Amino acid sequence: MRYDSITDVIGNTPLVRISPAVHGLKNIDLYAKLEMLNPFGSVKDRAAWNMTRGGLATAMERGDSIVELSSGNTAKALAVIAGLHGLPFKSVTNRMKVPEIKDLLLLLGAEIEELPGQTECLDPTNTDDPLTRIHRVLSESETGYLHTDQYYSALNTEAHIAGTGPEILRDLDGHAPDYFIACVGTAGSSTGVATVLRGHNPAIDVVGLVAHKSDFIPGIRNIDEVHEVGLFDPATYDTIESVSADEAIDGMLTLVRRCGMLAGPTGGGAYHGAVRHLRKVDAELTERRTAVFIVCDRVESYMSYVRKRRPELLNQPPRQNSVAGLAPAELTAATVIDVESAQKWIAEDHPLVIDLRGPFAYAALHIEGSINIVDELFDELLHGGLPFGRSRPVLLACPVGEKSVRYAALLTRMGHPDVRSLSGGIIGWRDAGAPLVRD
Amino acid sequence: MRSSPLYLEPRLEPRLRSVLQATDFLHTLVDALGSPLNVVLPEQITENEERFRAVYQRHHLSGDLYFAHKANRSSALVRQLAVTGAGMDVASLAELQHVLGAGFTPDRIMATGPKNREFLWLAARAGVIVNLDSKAELESLAELVGKYVLPRVRVMLRLSAFQAPGVKVLSRPSRFGSHVSELDTLLDAVERHRDAVELIGVAYHLDTIGLPEKAVALETCIRVMNECQRRGLQPRAIDIGGGFGVNYLADGGQWERYTTELTNAVLGRRPALTWQGHGYGLRSESGTLRGALGLYPAHRPVAAEGYLDELLSYPAPSLGRPLATLLLENLYDLVIEPGRALVDQCGVALARVLEVRHTPTGDCLVRVEMNGGDVSLEEHGVLMDPVVIPRDGSRPAPDAEAVGVYLIGNLCLEADLITRRMVFLPGLPKPGDLLAFANTAGYFMDFSADHALQQPIARKVAAYQENGTWRWRLDEQYWPITCTGEQS
Ligand SMILES: Cc1ncc(COP(=O)(O)O)c(C=O)c1O
Ligand SMILES: Cc1ncc(COP(=O)(O)O)c(C=O)c1O
């Protein structure tokens with residue numbers, strides 16, 4: 001297929017059936033609407049393009065910036081669209097919670113502003129929600145802005161009334177499904193799609209999914225936050241249910257491991273919420289039914305999210321030559337040396353003095369003649385073997401002598417005959433009045 | 001339909017729980033000393049200090065802890081700290097006088113905040129550490145030292161307006177401290193006044209619960225220290241102020257249920273939970289929720305020493321290594337000034353129930369012998385239920401029905417509500433019962449109390465345990481040496 005512009009690639013995403021062997025429902029055909037296959041990676045490409053396309057010409061003429069309150073997919077899509085049209089993009093966020101997305105936004109050339117955290121002492125003058133604050137900043141600003149306003153803009157919903165909804169109808173041969181399940185962020189996609197589908201099948205059961213209150217699932221809101229969304233209307237949904245971060249990750253695992261769909265957590269949450277909801281009705285059914293859920297984006301951006309919540313999923317085999325594998329006896333057997341003896345030893349035998357602190361600290365003050373290999377790097381080097389010969393004695397130094405003794409034990413195990421750890425570390429050295437230099 | 005009670009039960013550790021169970025003891029105290037009455041538990045502050053110290057140890061850090069006196073005026077708490085190794089952060093002339101009298105030697109006292117001339121002079125005369133709020137303050141201090149021929153003063157420089165690398169992290173503008181962007185002129189002044197002041201460290205205090213902002217500030221301080229050393233100055237300590245927070249509530253589920261229902265009430269989806277539909281900062285605009293919840297996050301799983309631990313483990317925004325590692329390997333001491341967190345679980349405010357009344361509109365009002373200033377929970381946005389201490393020692397019957405009541409004060413002012421929200425109690429209190437506002441030692445006892453209507457200000461007593469029984473003294477009569485449980 002040939003296109004003139006990448007923005008023409010937005011939409012027309014596939015609807016793919018989930019195998020009954022995976023979901024276990026007897027009477028329901030479950031389909032995933034793969035919004036993650038949009039060119040910038042998510043369902044938000046549609047909204048971002050629809051909210052900007054009309055205003056781009058004027059914005060380019062005046063040199064306005066595009067601005068939005070987003071820490072995720074909307075920001076990503078807007079950053080790309082802004083770049084395509086030579087406009088600056090600024091994303092204002094409460095907190096960038098997903099580091100991969102933050103880095104990607106910076107790479108795309110976006111400017112990011114993080115709003116301050118809550119005050120520790122109550123400040124009664126501070127009663128603004130982030131949106132109100134943005135509106136105020138924009139109205140005070142000198143330069144022009146194209147504020148896409150995703151939580152309020154009808155153009156967001158419209159993108160799905162014109163695109164996502166009709167595509168689902170088309171792919172189901174003109175029939176609306178009996179069930180539609182989607183996660184709610186700005187409510188744009190679920191509202192737009194539900195509007196179209198309900199128009200064809202007033203009996204459709206629409207399920208809106210939000211995050212458990214104490215949980216964080218990037219891209220969607222929890223049961224309280226959803227009320228802050230201008231596009232959110234409870235009447236859109238027949239039921240609102242919540243999913244936990246764990247359930248979302250479990251759903252995501254099923255999609256990535258068993259369905260070949262590299263979905264992110266909200267896709268997983270939608271799958272989990274869909275199966276949970278449908279299982280309740282499945283047994284009672286006497287005829288076949290159809291259900292559709294939305295897979296919003298891809299898994300790759302959420303590796304640190306998964307690592308934080310479910311580290312066991314990224315388990316790696318234990319590495320060679322690792323301090324983690326040292327026995328207590330090896331630690332006690334490691335040679336330590338006090339400051340005075342160390343000074344003498346340095347003068348007489350010229351051991352290699354390795355300072356394991358960070359380069360910033362090393363540059364500020366260090367033992368004369370020492371070299372700096374920061375612990376993380378040293379750790380990496382040792383996985384591959386001894387990074388120096390056995391004939392040269394080695395003195396290891398860290399802040400208090402705790403890390404250095406571990407590495408001394410490890411080097412001994414690796415066959416080095418004369419490694420010593422500076423007892424008390426650089427702090428002990430300083431406190432003993434021994435000289436430190438700055439180059 | 002009757003709505004189920006929305007409790008917000010306070011988190012009680014063993015010592016505070018124990019004193020609340022000593023009902024005869026508490027009733028006798030209020031009978032003798034009047035309502036309202038504040039009770040502080042000095043032994044608890046020692047325990048809290050040790051918990052902070054343990055975090056230092058875990059990260060191998062050295063450095064001092066200074067209690068931010070402003071959180072509570074109690075002499076007992078201050079004197080208790082005088083026998084441990086803690087220091088005091090004083091923010092006024094009177095606070096400085098108070099701690100000098102409690103036995104703190106100057107090396108354990110730090111004067112913070114903007115200071116007037118008298119405060120500066122006494123600080124310099126006594127030889128305490130002066131945490132300088134601005135360059136102008138440095139100039140006044142140097143002038144005082146010269147004019148009155150005072151010994152060289154140890155100073156710290158409080159900084160503000162930190163800038164993050166990469167991503168712009170916005171911070172509320174602070175009225176305190178010198179801008180980092182003016183560091184050069186500030187350090188020039190420190191060098192110029194070398195004879196009058198000795199720079200021992202740099203400082204910040206940020207009023208935020210956000211770790212990223214604090215990480216930016218701490219890393220910047222590490223860079224500033226490096227710059228000081230490059231200039232030949234030799235500061236050793238970084239003072240990261242207070243703001244470690246307290247977890248007030250026993251049950252996170254209650255907090256979540258309450259705030260969800262508050263949202264629903266503001267949107268008109270359930271009966272009001274507050275006096276005249278007050279929304280604590282939230283409002284409804286055509287069915288959409290606007291505004292921000294102006295409440296302290298009363299359930300905080302990570303607070304006090306746990307928060308410090310988290311901050312120290314947080315990676316520095318540009319240098320990458322955990323902040324504790326950076327402090328350690330740069331050989332810097334860590335100084336903290338906890339206020340609220342150090343007096344966690346250290347006290348309770350008691351008030352007698354005067355009247356229980358039902359209004360024609362169906363509200364239940366409980367009038368207590370205190371006013372909103374005596375227990376300023378509302379003013380500080382902390383929502384936490386009082387504990388009912390019945391006069392006759394009975395507990396509410398297990399089948400007693402929970403009631404939603406408004407607590408009103410003794411000022412005859414329409415606005416004198418102790419709580420603007422409906423407080424759910426496990427049974428209706430009776431006149432003569434006590435309401436115990438637990439865990440109020442940090443800012444809620446005497447921070448805003450005054451003599452309106454010539455109503456008495458609460459007296460304060462220090463309670464301590466001796467052979468398993470609770471004993472007390474007037475706060476000003478408490479000296480830790482006579483109350484160690486051995487003999488008195
Ligand atoms: C990952 C992810 N999932 C789901 C959604 C929800 O989509 P909508 O904003 O249309 O409700 C979003 C939108 O922000 C998202 O980024
Ligand atoms: C300079 C300074 N240090 C410490 C504190 C104590 O803060 P907290 O009670 O939140 O620990 C304050 C509080 O205002 C302060 O201004």
Side-chain angles (χ1 to χ4, degrees), chain A residues 92-93 95-96 102-103 105-106 111-124 126-133 151-152 213-214 223-234 355-365 374-376 398-400 402 425-427 430 436 438, chain B residues 60 62 164 166-172 206-214 222-223 225-226 229-230 242-245 252-253 256-257 259-260 263-264 266-267 269 281-282 284 286-297 319-321 325-326 328-331 340 379-382 443:
Chain A
V92 183
T93 95
R95 278 292 166 246
M96 274 283 163
K102 179 166 164 172
D103 286 348
L105 286 177
L106 291 171
E111 184 193 341
I112 305 176
E113 272 186 21
E114 288 191 16
L115 296 168
Q118 193 178 347
T119 51
E120 171 64 30
C121 300
L122 189 68
D123 176 359
N126 172 42
T127 56
D128 279 353
D129 50 293
L131 259 179
T132 310
R133 242 187 286 188
Y151 290 100
Y152 280 83
K213 190 160 172 180
S214 50
I223 187 69
D224 286 1
E225 293 164 345
V226 80
H227 296 295
E228 296 162 10
V229 174
L231 297 178
F232 175 76
D233 175 2
D355 187 329
L356 297 168
R357 298 175 303 152
F360 186 81
Y362 173 84
L365 279 177
V374 61
D375 49 19
E376 299 154 1
C398 71
V400 288
E402 199 200 43
I426 304 287
I427 290 186
R430 176 199 62 188
L436 289 167
R438 179 185 181 105
Chain B
H60 307 289
S62 46
V167 167
K168 191 158 160 194
V169 178
L170 301 180
S171 237
R172 272 176 211 84
L206 296 183
D207 183 11
T208 175
I209 67 174
L211 284 173
E213 289 156 76
K214 291 192 173 171
I222 291 172
R223 291 186 181 279
M225 293 283 279
N226 194 296
Q229 290 186 333
R230 197 194 54 77
F244 303 98
E256 292 192 357
R257 224 170 309 126
T259 43
T260 295
T263 306
N264 286 331
V266 169
L267 292 170
R269 302 220 178 96
L282 298 177
S284 169
S286 30
T288 295
L289 193 69
R290 300 305 291 268
L293 190 64
L295 288 178
Y296 190 85
L319 295 171
R321 315 218 348 128
T325 306
L326 279 179
L328 191 63
E329 61 190 17
N330 282 284
L331 320 180
R340 189 196 291 263
E379 188 186 321
H380 288 90
V382 174
Y443 298 109

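Everything quoted here is computed from the prediction, not taken from an experiment. Below, read A as the first sequence line, B as the second, and so on, with proteins coming before strands; counting in each chain starts at 1.
Taking chain B as the reference chain and counting heavy-atom pairs below 4.5 Å, the highest number among A:Pro359, A:Gly358, A:Cys398 is found for A:Gly358. Contact count versus chain A (heavy atoms, under 4.5 Å) is highest, among B:His60, B:Arg230, B:Glu329, for B:Glu329. The candidate from B:Arg269, B:Gln229, B:Met225 with the greatest count of non-hydrogen atom pairs under 4.5 Å with chain A is B:Arg269. Note on A:Asp375, A:Asp355, A:Asp103, A:Leu436: by heavy-atom pairs under 4.5 Å with chain B, the leading option is A:Asp375.
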For side-chain contact (heavy atoms from CB on, under 4.5 Å), just list the numbers for A:Arg357 and B:Leu331, CA-CA rounded to whole Å, side-chain angles, deciding distance to a tenth of an Å, and then say yes or no. CA-CA 11 Å; A:Arg357 298 175 303 152; B:Leu331 320 180; 4.0 Å; yes
Taking it one step at a time, do B:Glu213 and A:Glu114 satisfy side-chain contact (heavy atoms from CB on, under 4.5 Å)? CA-CA 10 Å; B:Glu213 289 156 76; A:Glu114 288 191 16; over 6 Å; no
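Between A:Ala361 and B:Asn330 the shortest heavy-atom distance is CA-OD1, 2.9 Å.
For chain B, the nearby part of A:Glu402 is the side chain; its heavy atoms alone come within less than 4.5 Å. In this structure, chain A has heavy atoms under 4.5 Å from both the backbone and the side chain of B:Thr259. Only the side chain of B:Leu267 comes within contact range of chain A, with heavy atoms under 4.5 Å apart. Using a 4.5 Å cut-off between heavy atoms, A:Val92 does not touch chain B at all. With a 4.5 Å cut-off on non-hydrogen atoms, A:Tyr151 does not touch chain B at all. Both the backbone and the side chain of A:Ile426 come within contact range of chain B, with heavy atoms under 4.5 Å apart. Looking at B:Leu319, the atoms closer than 4.5 Å to chain A (heavy atoms on both sides) all sit in the side chain, from C-beta outward. With a threshold of 4.5 angstrom between heavy atoms, B:Leu206 does not approach chain A through any atom at all.
Under the side chain to side chain donor-acceptor pair (under 3.5 Å) criterion, B:Arg257 pairs with no residue, sequence neighbours left out. Residues passing the salt bridge (charged side-chain N to carboxylate O under 4.0 Å, His left out) test with A:Asp224, sequence neighbours excluded: A:Lys213.
Considering B:Thr288, B:Thr260, B:Thr263 as possible partners of A:His227, the one that fulfils the side-chain contact (heavy atoms from CB on, under 4.5 Å) test is B:Thr263.
The CG atom of A:Leu356 sits 12.0 Å away from the OG1 atom of B:Thr325 when rounded to the nearest 0.5 Å.
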